[in-house]
Amino acid sequence: MAKIAVLERKCTGCGLCASSCPFGAIDMKDGKPEMNAACKVCGICVKACPEKAILKLETKVDSVDKTKWRDILVFAEVSGGRLHPVSLELIGKARELGGPIGFNVKTVLVGQNVQPFAEELRHWGVSEIAVYDDPSLSFFRADAYAACVEDYIKFAHPSVVLVGATSLGRSLAPRLATRFHTGLTADCTKLELRENSDLVQIRPAFGGNIMAQIVTTHTRPQFATVRYKVMNTPERSPEAAGNILSRKIPQGVGASRISCVSVLPVPPKKSISDAEILVAGGRGLQKEADLSMIQELASLLGGDWAVSRPLVEKGWAGNDRQIGLSGRTVRPRLIITCGISGAIQFAACMNGSDHIVSINTDPDAPIFQVAHTAIVGDLYEIVPELIASIKEERT
Ligand SMILES: Cc1cc2nc3c(=O)[nH]c(=O)nc-3n(C[C@H](O)[C@H](O)[C@H](O)COP(=O)(O)OP(=O)(O)OC[C@H]3O[C@@H](n4cnc5c(N)ncnc54)[C@H](O)[C@@H]3O)c2cc1C
């Protein structure tokens, strides 16, 4: 941990520190510098000060004993009466990560009447399924759910806790990380586990310009959220294994400060994340009406259609059809991208697809770095040809 300190007796109030700061993090108050919340502790002001009145102080942080934190815990989310598939993807990833260093995978289930899901989880290679089953947990109330998972973490001491980046998970994980005064990395796209149990949490940062590797070096547990469809679903085992551990509901859960007034079920909606075949259009399309050929090709292939962000910004499609960091992650068996350049914010959320066919006039378009089949050409010629040939084959 580091912070910037100003030695007032040495400071002449020249303001060179404030003008040198690239983050606008220094305010001059009564002729003296004061760091504001934008300070990144980069130390540029330390170098800029001619009086050596600014210091970067490093404080030693005591590390936890990492050997006391073992195994990987996956929060098994039950919402809308089903086990969310992201939980199974995370179990698969956790098994892959934990295997080489001898970590088991455990899960925690919270809700009402969740016992059947605990039985189902015994088929997914976990060593323990902790269950908090109570009428007071029938709806997701963040404080009550967090209290249950906190209780289990204090009992089991997992080194890593993985949570799906769903609406529920995004509400739960930060509360838990705060309760343990530890780190949380949201929306990881890749995870690695070092031999010393440090979890390398990889995700795009600074608008997707870099892939940041984030490590929680001094505290445990290490919390990470991962979106649906980023990791692979493992194979379900026909054999059941793993202990089901019924846990006592922690005191105070019934007295949650959140009360549920009513629950309105959202009508089930098809998501591009669930599509097996996708045809996606980008800024290579010249007008909104041209989206119809993307839709027609998708429908002929029995799939769904999607877009890159510029088309959502133009109002040609809703955000639920957008692939990318600020849209959905997709992993279909086949995706055909038409007139999409392949910016990292787009590509990072579709490059796990089984087969990627990309149509672009620019042979150097970055999309061709992730495409399995590259078609250099005009989508206005290629897409109608594809449509015509499929129709011809079917007549
Ligand atoms: C924080 C942040 C988050 C973002 N999130 C997302 C996101 O979620 N999703 C997303 O998509 N973007 C996102 N972006 C934007 C992203 O950086 C790109 O700007 C965007 O993906 C570009 O979309 P595009 O490929 O459709 O357009 P362009 O980059 O303009 O590419 C158009 C492509 O079409 C090709 N082309 C043109 N005419 C034809 C033709 N007739 N036939 C074939 N090819 C043709 C061109 O050669 C070009 O490669 C984000 C950006 C930031 C900073």
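Both counts, for ligands and for their atoms, begin at 1 and track the order of listing. Since the model is a prediction, treat every value here as computed from it, not as a measurement.
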Quick note on ligand 1: atoms under 4.0 Å from a heavy atom of Ser326 include exactly 3 (C), 4 (C), 5 (N), 6 (C), 7 (C), 8 (O)

The protein heavy atom nearest to atom 1 (C) of ligand 1 is Gly207 CA, 3.9 Å

In this structure, atom 44 (N) of ligand 1 is nearest to the protein heavy atom Thr361 N, 3.3 Å

Note: Ile323, heavy atoms under 4.0 Å from ligand 1, region reported as backbone

Next item on the list: Report yes or no: do Asp362 and Asn360 form a side-chain donor-acceptor pair below 3.5 Å?
Entry: no

protein heavy-atom neighbour closest to atom 49 (O) of ligand 1 works out as Asn360 ND2, 2.9 Å

Looking only at protein heavy atoms, what sits closest to atom 19 (O) of ligand 1 is Arg283 NH2, 4.3 Å

A student checking ligand 1 against Gly327 at a 4.0 Å heavy-atom cut-off should list atoms 8 (O)

### Message
Keeping Glu192 on the side-chain end and Lys190 on the backbone end, is there a donor-acceptor pair under 3.5 Å?
### Response
no

In terms of its nearest heavy atom to atom 38 (N) of ligand 1, the top option of Gly284, Ala280, Cys349 is Gly284

Looking only at protein heavy atoms, what sits closest to atom 4 (C) of ligand 1 is Arg309 NH1, 3.3 Å

ILVMFWY cluster, Ile277 and Ile390 together (side-chain gap under 4.5 Å): yes

Closest to atom 42 (N) of ligand 1 among protein heavy atoms sits Leu379 N, 2.9 Å

The atoms of ligand 1 lying under 4.0 Å from a heavy atom of Leu325, numbered in the order shown, are 7 (C), 8 (O)

protein heavy-atom neighbour closest to atom 8 (O) of ligand 1 works out as Gln322 NE2, 2.7 Å

Counting from 1 in the order shown, the ligand 1 atoms closer than 4.0 Å to a non-hydrogen atom of Ala343 are 16 (C), 17 (O), 18 (C), 21 (O)

Taken to the nearest 0.5 Å, the spacing of Ile214 CD1 from Thr185 OG1 works out to 4.0 Å

Of all protein heavy atoms, the one nearest atom 53 (C) of ligand 1 is Gln345 NE2, 3.8 Å

query = Has Lys47 got more than 12 heavy atoms of other residues, nucleotides or ligands less than 6.0 Å from its NZ?
reply = no

Does a sphere of radius 6.0 Å around CZ in Arg257 hold more than 12 heavy atoms from other residues, nucleotides or ligands, not counting ones at 6.0 Å or beyond?
no

TODO: Evaluate the ring planes of Phe180 and Phe223, with Trp represented by its six-membered ring, and classify them as parallel (under 30°), tilted (30 to 60°) or perpendicular (over 60°).
DONE: tilted

For Tyr380, the ligand 1 atoms with a heavy-atom partner under 4.0 Å come out as 41 (N)

Side chains of Arg309 and Phe346: closer than 4.5 Å at any heavy-atom pair? no

At under 4.0 Å between heavy atoms, what of Pro310 touches ligand 1? The answer is side chain

The salt bridge (Lys or Arg N to Asp or Glu O under 4.0 Å) partner of Lys269 among Asp320, Asp274, Asp304 is Asp320

Q) Checking Lys66 side chain against Thr217 main chain: does a donor-acceptor pair fall under 3.5 Å? A) yes

Quick check: do Leu176 and Phe75 have side-chain heavy atoms less than 4.5 Å from each other? no

The residue among Leu168, Leu137, Val114 that forms side chain to side chain contact (heavy atoms under 4.5 Å, CB included) with Val78 is Val114

Taking only non-hydrogen atoms of Asp362 and a 4.0 Å limit, the atoms of ligand 1 in range are 47 (O)

At under 4.0 Å between heavy atoms, what of Ser308 touches ligand 1? The answer is both

- Task: Could you tell me whether Phe346 and ligand 1 have an N or O pair separated by under 3.5 Å?
- Result: no

Problem set entry | Under 3.5 Å: donor-acceptor pair, side chain of Gln222, backbone of Ser197 | yes

Judged by heavy atoms only, the candidate from Pro363, Ala348, Ser341, Gly324 nearest atom 25 (O) of ligand 1 is Ser341

Discussion item. Is it the case that ligand 1 has an N or O less than 3.5 angstrom from some N or O of Gly339?
Written reply: yes

Sub-3.5 Å donor-acceptor pair from the side chain of Ser389 to the main-chain atoms of Leu386, do we have one?
-> yes

Note: Gln286, heavy atoms under 4.0 Å from ligand 1, region reported as neither

For Gly377, the ligand 1 atoms with a heavy-atom partner under 4.0 Å come out as 42 (N), 43 (C)

**Prompt:** So if you build clusters from Ile, Leu, Val, Met, Phe, Trp, Tyr with side-chain heavy-atom gaps below 4.5 Å, do Val163 and Phe155 land together?
**Reply:** yes

### Heteroatom proximity flag, Asp378 to ligand 1, N/O under 3.5 Å
yes

Numbered in order shown, the ligand 1 atoms found under 4.0 Å of a heavy atom of Gly282 are 26 (O)

